[in-house]
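For the numbers below, each heavy atom of this structure counts, side chains included, while hydrogens, waters and symmetry mates do not.
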Amino acid sequence: MTRLRLATTAAILAFSAGLALAPVLAQDKDKGDAKPAGGDKSELYQQLNLFGDVLERIRRDYVEPVDEKT
């Protein structure tokens with residue numbers, strides 16, 4: 001049961017961190033940058049993919065399947 005609580009807490013913290021960082025990542029970058037216009041979106045997608053990978057790893061390594069009978 002402690003593993004389940006640990007995994008749940010880790011998932012909630014990761015989700016909260018993603019919510020806290022979303023406005024920062026969505027802000028316009030400095031217009032003086034020489035980056036292409038699509039660069040911001042690709043960075044955002046990379047961050048979202050990383051977040052998904054972390055959640056998947058937590059689910060795979062720390063969450064135990066629930067027995068329907070219990």
Side-chain angles (χ1 to χ4, degrees):
M1 192 61 143
T2 355
R3 277 188 167 178
L4 181 60
R5 286 185 184 169
L6 178 64
T8 303
T9 303
I12 289 171
L13 288 174
F15 184 71
S16 298
L19 288 178
L21 291 176
V24 174
L25 293 174
Q27 288 180 353
D28 289 337
K29 300 289 181 187
D30 184 20
K31 301 298 183 196
D33 288 347
K35 293 181 182 177
D40 293 338
K41 286 185 180 179
S42 85
E43 182 180 344
L44 179 61
Y45 286 125
Q46 287 176 349
Q47 294 293 324
L48 287 173
N49 283 335
L50 177 62
F51 181 71
D53 291 343
V54 170
L55 284 180
E56 175 61 27
R57 182 175 287 183
I58 289 171
R59 185 197 62 77
R60 183 184 66 225
D61 295 342
Y62 297 104
V63 177
E64 297 175 1
V66 177
D67 185 18
E68 294 293 327
K69 293 179 182 178
T70 59

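The CG atom of D53 lies 9.5 Å from the CZ atom of R60; values are rounded to the nearest 0.5 Å. The structure places CD of E56 at 9.0 Å from CG of D61, a figure rounded to the nearest 0.5 Å. Taken to the nearest 0.5 Å, the CG atom of L48 stands 13.0 Å off from the NZ atom of K41. If you take CG on L44 and CD on Q46, they are separated by 9.5 Å, rounding to the nearest 0.5 Å.
Closest approach of I58 and A11 over heavy atoms only: CD1-N, 4.4 Å.
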